[in-house]
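Report on the following structure.
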Amino acid sequence: MSEHNQQIEHSTANVGQYSVELRDVHKAYKIGNEEVEALRGVNLRIPHGSVVAVIGKSGAGKSTLLHIVGTLDRPTSGQVILNGTDVSGMSDQAASEFRNGSVGFVFQMNNLLAEFSALENVMLPGLIAGAPKAAVAERATKLLGAVGLGSRLQHRPGELSGGEQQRVAIARALIMAPPILLADEPTGNLDQKTSHEIQELLINVCVANKVTMILVTHDLDLAKRLPAQVVMEDGRVIEGGGYS
C-alpha cells in the first residue's frame, strides 16, 4: 500500500465494540405551532462490519434515523456515537469534515453531476477533502472496476443506464474508504432485475471491505437477505436494536 493511498484509508481499530451507537435519541420537528416527534428514544448498537436493514412503515422514522447517523441532521437530545466519536454536539464544520471522511451515502436519487465523467464523479469527494489527485484517481479507477464499470470510466451519467449510474454512486460513496455506509432505498428507481444486481453488489462490496452498512428499505425480500434487521415503529426501534 502506497503512502498516498494511506491518506484515504481509515481504520476501525481502538474505537470500541460498535460502529454505530445511539443512546436515547430523540428528534422533534416544529411544523407550524405543532411539534412532531420523529424519533422517540431510539437505542441502537451496531457492531463493526455489520450489514443491517432498517424496515418499518412510512413515517416510522427510518430516514430520520439515517440522517441522524449520517450527521446530516442533529438529535434534539441523546447521544450519537460513530466509531467511538460522539458526534452529537459537533459544530456544522466539524460534522461536515467527519462525514466526508467517515460516512458514505447511497440514495435513491444518485445525484451524479451530469457534466462530469464516471471517474470524475467518483473522485470528487476525495478531491474536496484535499487528498492527492493521483491517489484519488487510482482508487476511483479500482472502485469502478470493482462495481463492473472498468470500461466506462470516461462516460458521463447521460451515457449510462440507471443501474450503471447507481454503480457509480456506490463507488463514489466508498472513495474515502468510509467505515460506515448509509443507503436509503438505493434501488427504488430501478427495475427488478437491475435492483437485485445492485443489492447484491452493495452487500458484497460492504462485506469484502468490512464496511458497516445501514440500509433503509421498504423491500422486505431485500431486508430478509441481509444478515440483520432493525424494525422501527412510531419513531422507536422495536426489534433488533441491541444485537451483537
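Under a hydrophobic clustering in which Ile, Leu, Val, Met, Phe, Trp and Tyr are joined whenever their side-chain heavy atoms come within less than 4.5 Å, directly or via other members, M109 and V106 fall into different clusters. Residues L119 and L113 are members of separate hydrophobic clusters, defined by side-chain heavy-atom contacts under 4.5 angstrom among Ile, Leu, Val, Met, Phe, Trp and Tyr. In terms of hydrophobic clustering, with Ile, Leu, Val, Met, Phe, Trp and Tyr side chains grouped at heavy-atom distances under 4.5 Å, Y29 and I68 are assigned to different clusters. One hydrophobic cluster holds both L144 and L127 under the rule that ILVMFWY side chains link at heavy-atom gaps under 4.5 Å. Linking Ile, Leu, Val, Met, Phe, Trp and Tyr whenever their side-chain heavy atoms come within less than 4.5 Å puts M90 and L72 in one cluster.
Heavy-atom minimum distance, A129 versus N100: CB-ND2, 3.3 Å. Across all their heavy atoms, N121 and P157 have their closest contact at ND2-CG, 4.0 Å. Residues V211 and P178 share a closest heavy-atom pair of CG2-O, 3.7 Å. Across all their heavy atoms, I198 and G163 have their closest contact at CD1-O, 3.5 Å. Taking all atoms of both residues into account, the shortest heavy-atom contact from L181 to F105 is CD1-N, 4.0 Å. For the pair L160 and H155, the tightest heavy-atom approach, listed with the atom from each and the gap, is CD2-CB, 3.7 Å.
Look at D92 and R74 and you find a salt bridge, because one of the NZ, NE, NH1 or NH2 atoms lies within 4.0 Å of a carboxylate O, short of that distance. Checked for salt-bridge contact, K193 and E197 meet the test: a charged N lies under 4.0 Å from a carboxylate O. Taking the charged nitrogens against the carboxylate oxygens, E164 and R152 do have a contact shorter than 4.0 Å, which makes a salt bridge. For the pair E97 and R99, the salt-bridge criterion is not met [side-chain N within less than 4.0 Å of a carboxylate O].
Atom OG1 in T76 sits 8.5 Å away from atom CG in L39 (nearest 0.5 Å). Interatomic distance, S50 OG to I180 CD1, rounded to the nearest 0.5 Å: 11.0 Å. The CE atom of M123 sits 11.0 Å away from the CD atom of E138 when rounded to the nearest 0.5 Å. To the nearest 0.5 Å, the span separating CZ on F98 from OG1 on T85 amounts to 5.0 Å. The distance from atom CE of M176 to atom OG of S102, rounded to the nearest 0.5 Å, is 8.5 Å. Separation of atoms CD (Q165) and CG (N189) is listed at 10.0 Å; rounding is to 0.5 Å.
Using a 4.5 Å heavy-atom threshold, the side chains of L174 and V205 count as touching. V80 places a side-chain heavy atom less than 4.5 Å from the side chain of P75. Residues L65 and M232 have side chains in contact (heavy-atom distance under 4.5 Å, counting atoms from C-beta outward). In this structure, V237 and N43 have side chains that are not in contact, with every pair of non-hydrogen atoms separated by 4.5 Å or more. The side-chain heavy atoms of L215 and L222, taken from C-beta on, include a pair separated by under 4.5 Å. Taking 4.5 Å as the limit, every side-chain heavy atom of R172 sits out of range of all side-chain heavy atoms of L124. Annotation: side chain of I81 is not in contact with side chain of V87 (no heavy-atom distance under 4.5 Å). Within the 4.5 Å cutoff, the side chain of M213 has no heavy atoms near those of the V52 side chain.
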Run the numbers on I170 and L202 for side-chain contact (heavy atoms from CB on, under 4.5 Å), then give the verdict.
CA-CA 7 Å; I170 292 169; L202 259 175; 3.8 Å; yes

Test log, rule side-chain contact (heavy atoms from CB on, under 4.5 Å), inputs K27 and E37
CA-CA 6 Å; K27 180 62 182 180; E37 281 191 282; over 6 Å; no

Stepwise side-chain contact (heavy atoms from CB on, under 4.5 Å) test for V20 and L82
CA-CA 5 Å; V20 175; L82 306 180; 4.0 Å; yes

Run the salt bridge (Lys or Arg N to Asp or Glu O under 4.0 Å) test on E34 and K30 for me, step by step, so that the C-alpha distance in whole Å, both residues' side-chain angles and the decisive distance to 0.1 Å come before the verdict.
CA-CA 6 Å; E34 186 180 356; K30 203 81 161 168; over 6 Å; no

Go through it in stages, so that I can follow the logic: the residues are K210 and H48, the test is side-chain contact (heavy atoms from CB on, under 4.5 Å), and I'd like the CA-CA distance, side-chain angles, deciding distance and then a yes or no.
CA-CA 8 Å; K210 298 181 180 178; H48 297 294; over 6 Å; no

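Counting only distance, with no hydrogens or angles, the side chain of K62 and the backbone of G56 share a donor-acceptor pair below 3.5 Å. In this structure a side-chain-to-backbone donor-acceptor pair under 3.5 Å is present from E159 to R156. Here the side chain of T194 pairs no donor or acceptor atom with the backbone of L190 at under 3.5 angstrom. Under the 3.5 Å distance criterion, the side-chain polar atoms of Q229 are matched with a main-chain donor or acceptor of A223. In terms of modelled atom types and a separation under 3.5 Å, the side chain of R40 and the main chain of G235 share no donor-acceptor contact. E120 contributes a side-chain N or O that, together with a main-chain N or O of S117, makes up a donor-acceptor pair within less than 3.5 Å. Side-chain atoms of Q166 come within 3.5 Å of backbone N or O of F107 as a donor-acceptor pair. Remark: side-chain polar atoms of D24 are not paired, donor with acceptor, to backbone N or O of G78 under 3.5 angstrom.
The closest side-chain donor-acceptor pair between S88 and Q79, if any, does not fall under 3.5 angstrom. Side-chain atoms of S195 and Q199 include a donor-acceptor pair closer than 3.5 Å.
Exactly one residue among V122, V168, T141 makes a side chain to side chain contact (heavy atoms under 4.5 Å, CB included) with L153. That residue is T141. Each of V230, L66, D184, V51 was checked for a side chain to side chain contact (heavy atoms under 4.5 Å, CB included) with I214, and the lone residue meeting it is L66.
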